[in-house]
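First up is the structure itself, then whatever we jot down about it.
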Amino acid sequence: MDEADTIVGSVTYTTHDGAYAEIAADGEAEFRMLAVDPAACSKGVGAALVQAVLDRTRRHGCRTVRLSSAAPMTDAHRLYERLGFHRTRTATGRPDIRLLAYEVPL
């Protein structure tokens, strides 16, 4: 198998009414579980996945993308902020993990 056939990242996308939605409101989308193979980090994979989410959100006619992320995921937070996301509040819903909420209007 060559590199073009290798999965190096994934992300879960949902609109506000999807089964995986946690913080998106009506007319919004969110993504969760963004993961990149450590061997592919710093190669633009995470940015490409987030861009795919933004593009899909626009196609669905949603006006905002939201996400929540565990506080220790600082590399991911820098990526989100570089792509225009900003912190909105501390997300709730997981008593065992401190989650930070981000959003970007489209």
| request: Could you give me the CA-CA distance, side-chain angles and deciding distance for His86 and Thr88, then say whether side chain to side chain contact (heavy atoms under 4.5 Å, CB included) is met? | output: CA-CA 6 Å; His86 62 274; Thr88 58; 4.2 Å; yes
| query | Taking Arg32 for the side chain and Tyr20 for the main chain, is one N or O donor matched with an acceptor at less than 3.5 Å? | reply | yes
| said: With rounding to the nearest 0.5 angstrom, report the NE2 to CG distance, His16 to Asp26. | reply: 4.0 Å
| query | Does Glu30 use its side chain to pair, donor to acceptor, with the backbone of Leu67 at less than 3.5 Å? | reply | no
| said: With rounding to the nearest 0.5 angstrom, report the CG to OG1 distance, Leu100 to Thr74. | reply: 10.5 Å
| request: Over all heavy atoms of both residues, which pair between Ala40 and Val8 is shortest? Give the atoms and the distance, please. | output: CB-CB, 3.8 Å
| query | Of the non-hydrogen atoms in Ala70 and Ile97, which two are nearest, and what is the gap between them? | reply | CB-CG2, 4.0 Å
| query | Given side chains that start at C-beta, do those of Val104 and Leu83 come closer than 4.5 Å, heavy atoms only? | reply | no
| message | Within the 4.5 Å heavy-atom criterion, are Thr64 and Leu106 side-chain neighbours or not? | response | no
| remark: Value for OH (Tyr13) from CG (Leu49), rounded to nearest 0.5 Å, stands at 14.5 Å
| said: Just so I know, are the side chains of Ser68 and Glu22 near enough to count as touching, which here means a heavy-atom distance under 4.5 Å? | reply: yes
| Looking at CD1 of Ile7 and CG of Asp37, how far apart are the two atoms once the value is rounded to the nearest 0.5 Å? | 10.5 Å
| request: Could you tell me the separation between the CD atom of Glu81 and the CG atom of Leu79, rounded to the nearest 0.5 Å? | output: 9.5 Å
| said: Under 6.0 Å between ring centres: does that hold for His77 and Tyr102? | reply: yes
| task | Take Cys62 and Thr15 through the test side chain to side chain contact (heavy atoms under 4.5 Å, CB included) and record every step on the way to the result. | result | CA-CA 8 Å; Cys62 295; Thr15 54; 4.1 Å; yes
| task | Please confirm whether the backbone N or O of Val65 pairs with a side-chain atom of Glu103, one donor and one acceptor, at under 3.5 Å? | result | no
| remark: Between the CZ atom in Phe31 and the OG1 atom in Thr57, the distance rounded to the nearest 0.5 Å is 9.0 Å
| request: Kindly determine whether Ile23 and Arg66 satisfy side chain to side chain contact (heavy atoms under 4.5 Å, CB included), including the steps that lead there. | output: CA-CA 7 Å; Ile23 61 174; Arg66 297 188 182 275; 3.9 Å; yes
